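Here the structure is laid out as structure tokens; the discussion comes afterwards.
Keep in mind that the numbers below use all heavy atoms, side chains included, and drop hydrogens, waters and symmetry copies. Remember, it's a predicted structure, so these values are computed and weren't measured experimentally.
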Amino acid sequence: VEEFKTRRDNFMNLIEKDVVKTYGETMHIVTIIPAATKTYMSGKIPYVFRQNTDFLYLSGCLEPDTALILSGKTTESYTSIILVRPYDWNALLWDGPRTGETTRR
């Protein structure tokens, strides 16, 4: 977990330096990094899933159809949010367990 936090810190630091270099001041930064999407050969037969390299490097999450949002004004005060798909109990049988809220409604 610390490794991924360090990577996100370094990434936001680089963006902050570039913003200051370009605009001469610090500004609020919002970065959205999407995960890869599961693709299918035909019908219900999926290709082997390969995560977006940038997303995996910064989050360590292997979940498809997910997004990482980094938002803040400085490297010391940014927030990191991962958005995942709603949990689908029917897909659980086909795809197996995955990350997300598991409360049944």
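- K5 is linked by a salt bridge (charged side-chain N to carboxylate O under 4.0 Å, His left out) to D9, counting only residues two or more places apart in sequence or in another chain.
- Looking at residues two or more places apart in sequence or on another chain, you find a salt bridge (charged side-chain N to carboxylate O under 4.0 Å, His left out) between R7 and E3.
- Residues satisfying the side-chain contact (heavy atoms from CB on, under 4.5 Å) test with D65, not counting sequence neighbours, are T37, R85.
- With side-chain heavy atoms closer than 4.5 Å counting as contact, directly or through intermediates, F49 stands alone and belongs to no larger hydrophobic cluster.
- When each of I81, L68, I69, L70 is checked for a side-chain contact (heavy atoms from CB on, under 4.5 Å) with I32, only I69 meets the rule.
- Of the possible donor and acceptor atoms, one in the side chain of T66 sits under 3.5 Å from a partner among the backbone N and O of P64.
- Cluster membership for Y57 and F55, using ILVMFWY side-chain heavy atoms within less than 4.5 angstrom, is shared.
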Could you tabulate the donor-acceptor pairs under 3.5 Å formed by side-chain atoms of residues 19-30, not counting sequence neighbours?
residue, atom, partner, partner atom, Å
T22, OG1, D18, O, 2.8
H28, NE2, S71, OG, 2.9

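- Contacts classified as salt bridge (charged side-chain N to carboxylate O under 4.0 Å, His left out) and involving residues 41-61 (residues at least two apart or in different chains) are not found.
- Applying the side-chain contact (heavy atoms from CB on, under 4.5 Å) test to K17 and every residue at least two apart in sequence or in another chain returns N13.
- If you take CD1 on I82 and OG on S59, they are separated by 4.5 Å, rounding to the nearest 0.5 Å.
- The hydrophobic cluster around I45 extends to M41, Y47, counting ILVMFWY residues whose side-chain heavy atoms fall within less than 4.5 Å of a member.
- Taking the side-chain hydrogen bond (donor to acceptor under 3.5 Å, both in side chains) definition, one finds that S80 meets it with R8, sequence neighbours left out.
- L62 meets the side-chain contact (heavy atoms from CB on, under 4.5 Å) test with Q51, L56; sequence neighbours excluded.
- Summarising the geometry, atom CD1 belonging to I33 is positioned 12.0 Å from atom OG1 belonging to T53; distances are rounded to the nearest 0.5 Å.
- Taking CD of E76 as the reference point, atom CE of M12 lies at 10.5 Å (rounded to 0.5 Å).
- As a member of the Ile/Leu/Val/Met/Phe/Trp/Tyr network built from side-chain separations under 4.5 Å, Y40 groups with nothing else and remains a singleton.
- Residues satisfying the side-chain hydrogen bond (donor to acceptor under 3.5 Å, both in side chains) criterion with T31, sequence neighbours excluded, are absent altogether.
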